[in-house]
Structure formats: structure tokens, C-alpha cells
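Quick notes on the structure that follows.
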Amino acid sequence: MEPQKVASQLRCPSGAEAPEVAQRMNESNYSLNQKCIGLLQLRASDSVLEIGPGNGAFVGDIINVAEDITYMGLDWSAEMVAEARRINEHLVNLGCAQFQQGNSQQLPFESGIFDKVFTAHTLYFWENPSEHLVEIRRVMKPTGLFCIAFGNRAFMKDLPFVSYGFELYDESKAVALLSSSGFRIIETYQHHERGRSNAGVIVDKVIDIIVCEV
Ligand SMILES: C[S@@+](CC[C@H](N)C(=O)[O-])C[C@H]1O[C@@H](n2cnc3c(N)ncnc32)[C@H](O)[C@@H]1O
């Protein structure tokens, strides 16, 4: 796939290729998503929001951490919402998981309802990121935790698709953005992993993970 096409599919998987794109993302991003799930400190009865879950392949891993966790996945790709509902049909039918189409710039939720919010590999695509972050903060409970993960600029900058509309971050740029949007940083991590990138080549990935509170 051409780098421009890869960029567009990562931003918003669409069309007939979308399910396969999502499958590849799941393989590339498995370890990182498991790390984020661990950092969310999930507890019984937590209400969780994920921004940009793609096809929602890891929802079961979230629900199974503790009893009565409920999950909401919000993705701006209609194809991903449909795939996520299909893959997680049993959890949707049980009432544990829901998926909606939408954009974190304007969240279709009441204020103060989520205990935990997380998002992996989405920040690059947000045009006015502080508007997204203020919205995320609005829907969180005062005791809530937010976990955000993104590829560090030092590793991402050499990937062929990032010149097509990716805004790249390092830890200090993201910390400044989160702080100015009202979050208090609790912990920052760097996740290192050798694996296949979405461009198909093996790379040494450096992923920043930031955990914050409201
Ligand atoms: C690169 S994929 C990452 C998918 C998944 N989080 C992972 O780690 O494999 C980005 C996903 O987030 C969605 N997305 C990006 N920004 C979004 C936003 N602001 N609101 C809702 N969905 C968003 C895209 O449609 C896509 O499914």
C-alpha cells in the first residue's frame, strides 16, 4: 500500500480494506494495548471509555480485569464501529460493551461519567488536540484516570507514511499539551518493542504512555 494510503487508513480505516487494516493494527499494537490496560488500574464496576478502538479486538481484555466493568468504544470510522460490534457481539448482547461512531472533539456523552479513559495511536490525527483533551476531561469522574499512548517522534519520523498528516509528539510536547488542557500528570512510561510497523517493516518502536488524572 502507498504511504499516503497507509496514512489515510490509519487515520480512519474505511472501505473494503478496513477490516484487514484493523487486523494488522491489532497485531502491531497488541503489546502496547495490553500495557495501557494494565496502567488503567481497572476496578470492579469501572466505566471505561476508549477513543479510537479500531475493531475493538482488546475489549474482552478490559472487561475481564474485574467484575461489572462496562466499556464504551468511540471511533470516527463507521467501518470500525461495525467491525467492533460484530467481533464483540457477545459482550454487546450481555450489555458490557457498546460502540458508537463519533469524534473525541465533541463527545456525545454527559459530563463526569467515566472512571477510566484511554486512547492509543490517535493523538497524531487531532487537529485541535486541546479541544479533544478538554472534552475527555469533561466526561471523566473527578477520581478518573486517563491513559494516552503515542509513538515517540524520534521513532515515528522515519516511517514513510507520517508525512501525510501526522502531528508527531515527544513526551515533553504531550505533557505540556495535557497540562495546559487541565490534566495532572501522574506517571510517564516509555514502551520499547521490536516489531512490524504499519509500513510492513521491522522497527524498534518507542511508544510514550502518559497516565493523568483530572
Ligand atoms: C491508528 S488506529 C489505532 C487503533 C487502536 N487504538 C490500536 O491501538 O490499534 C486509530 C483509530 O482511532 C480512530 N480515531 C482517531 N482519532 C479519533 C477521534 N478523535 N475520535 C474517534 N476516533 C478516532 C480511527 O478511526 C482509528 O480506528
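Indexing begins at 1, ligand by ligand and atom by atom, following the structure's order. Here the structure is a predicted model, which is why all the values come from computation and not from measurement.
- Salt bridge status for K35 with E193: absent, with no side-chain N to carboxylate O gap under 4.0 Å.
- A salt bridge between R86 and E83 is present, with a side-chain N of the basic residue lying under 4.0 Å from a carboxylate O of the acidic one.
- Checked against the 6.0 Å centroid threshold, F146 and F118 do not count as a close aromatic pair.
- Remark: aromatic rings of Y124 and F150 are distant, center separation not under 6.0 Å.
- N103 contributes no side-chain N or O that, together with a main-chain N or O of Q106, makes up a donor-acceptor pair within less than 3.5 Å.
- L145 and V175 fall within a single hydrophobic cluster, where Ile, Leu, Val, Met, Phe, Trp and Tyr side chains are chained together by heavy-atom contacts under 4.5 Å.
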Can you pull every nitrogen or oxygen pair between ligand 1 and the protein closer than 3.5 angstrom?
| residue | atom | partner | partner atom | Å |
| --- | --- | --- | --- | --- |
| ligand 1 | 6 (N) | G52 | O | 2.8 |
| ligand 1 | 6 (N) | A120 | O | 3.0 |
| ligand 1 | 8 (O) | N33 | ND2 | 3.0 |
| ligand 1 | 9 (O) | N29 | ND2 | 2.9 |
| ligand 1 | 16 (N) | W126 | NE1 | 3.3 |
| ligand 1 | 19 (N) | N103 | OD1 | 3.4 |
| ligand 1 | 19 (N) | S104 | OG | 2.8 |
| ligand 1 | 19 (N) | W126 | NE1 | 3.0 |
| ligand 1 | 20 (N) | S104 | N | 3.2 |
| ligand 1 | 22 (N) | W76 | N | 3.1 |
| ligand 1 | 25 (O) | R11 | O | 3.4 |
| ligand 1 | 25 (O) | D75 | OD1 | 2.6 |
| ligand 1 | 25 (O) | W76 | NE1 | 3.1 |
| ligand 1 | 27 (O) | D75 | OD1 | 3.2 |
| ligand 1 | 27 (O) | D75 | OD2 | 2.7 |

